[in-house]
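In what follows, a structure is listed as structure tokens, so that the remarks can point back to it.
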Amino acid sequence: MPDSRPISYPAGYVTSTAVGFADPVGNLSLVSAASALPVVQTRSAAPAALAGQTSGSLLAGPFAPLRDVPIHLQLSGTWVGTVTVVRSADGGATRQSLTVGGQPWGKYTANANEVVWQEGEVGATFYLDIALTSGSVAYRVSQ
């Protein structure tokens, strides 16, 4: 879209500038509405998944997630008991169960495959508090 401001005295000209980038074949491509500046949003590599299998009670962790990226939980197997996602903001010294609106969240009594949380605080870590009465559960926490 051309600029419609007039050139005024005393100048009889305007210095023009443009922003461009190399297109896929290496030629100059000027930034415009039809050719937007290509940008890529980057972030750190995802942490290694917290994964394993147990047939007894276990506190698995820690899992140190990236900020603002959903945390995914998978539970599978034939088991009876509970698996609770717990969070720590002090390196694991204290751990709190997750809640939403004051109600328990992230407490499972059956297989699951879902997003459980999205963390905004740097340094928060997550654990699985597994309390089985029978069977075996495979677990995986990832991003």
Side-chain angles (χ1 to χ4, degrees), residues 1-8 11 13-143:
M1 178 171 175
D3 193 347
S4 62
R5 289 178 279 188
I7 299 174
S8 305
Y13 65 92
V14 174
T15 303
S16 176
T17 60
V19 176
F21 60 94
D23 68 11
V25 285
N27 295 324
L28 173 65
S29 179
L30 295 178
V31 175
S32 68
S35 181
L37 184 64
V39 294
V40 175
Q41 191 173 31
T42 61
R43 67 174 186 214
S44 302
L50 170 63
Q53 184 167 343
T54 186
S55 55
S57 296
L58 171 73
L59 181 66
F63 178 76
L66 295 174
R67 283 184 54 231
D68 301 325
V69 178
I71 299 169
H72 191 263
L73 172 68
Q74 290 176 289
L75 299 173
S76 61
T78 304
W79 54 283
V80 176
T82 60
V83 176
T84 306
V85 181
V86 294
R87 177 185 182 273
S88 177
D90 60 8
T94 58
R95 294 177 298 276
Q96 302 275 327
S97 297
L98 302 179
T99 60
V100 172
Q103 299 301 309
W105 182 264
K107 187 172 185 175
Y108 299 87
T109 57
N111 292 337
N113 184 13
E114 62 190 29
V115 171
V116 293
W117 199 256
Q118 185 164 322
E119 184 55 50
E121 183 176 345
V122 173
T125 53
F126 291 80
Y127 299 79
L128 293 180
D129 187 358
I130 302 171
L132 297 184
T133 56
S134 68
S136 178
V137 63
Y139 57 87
R140 186 172 195 275
V141 179
S142 63
Q143 287 187 304

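Basis for what follows: all heavy atoms, side chains included, without hydrogens, waters or symmetry-related copies.
For residues 57-78, every residue pair satisfying the side chain to side chain donor-acceptor pair (under 3.5 Å) rule, not counting sequence neighbours, is listed here: His72-Asn113. Applying the side chain to side chain donor-acceptor pair (under 3.5 Å) test to every pair with at least one member in residues 96-108, sequence neighbours left out, gives these pairs: Tyr108-Glu114.
For Ser29, the side-chain hydrogen bond (donor to acceptor under 3.5 Å, both in side chains) partners two or more places apart in sequence, or in a different chain, are Ser35. For Ala89, the side-chain contact (heavy atoms from CB on, under 4.5 Å) test picks out Arg87, Glu121, with sequence neighbours left out. Residues that satisfy the side-chain hydrogen bond (donor to acceptor under 3.5 Å, both in side chains) test with Asp23, not counting sequence neighbours, are absent from this structure. Checked against side-chain hydrogen bond (donor to acceptor under 3.5 Å, both in side chains), Thr84 has no partners two or more places apart in sequence or in another chain. Checked against side-chain contact (heavy atoms from CB on, under 4.5 Å), Leu66 has the following partners two or more places apart in sequence or in another chain: Arg43, Ser44, Pro47, Val69, Gln143. Taking the side-chain contact (heavy atoms from CB on, under 4.5 Å) definition, one finds that Ser136 meets it with Gln53, Ser55, sequence neighbours left out. Taking the side-chain contact (heavy atoms from CB on, under 4.5 Å) definition, one finds that Pro70 meets it with Val115, Gln118, sequence neighbours left out.
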Donor-acceptor pairs under 3.5 angstrom involving side-chain atoms of residues 122-133: please list them, not counting sequence neighbours.
residue, atom, partner, partner atom, Å
Thr133, OG1, Val80, O, 3.2

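With rounding to the nearest 0.5 Å, the separation of OG1 in Thr109 from CH2 in Trp79 is 6.0 Å. With rounding to the nearest 0.5 angstrom, the OG1 atom of Thr54 is 11.0 Å from the CG atom of Leu59.
Across all their heavy atoms, Val116 and Leu98 have their closest contact at O-CD1, 4.3 Å. In this structure, Phe63 and Ala48 approach most closely via the heavy-atom pair CE1-O, 3.4 Å.
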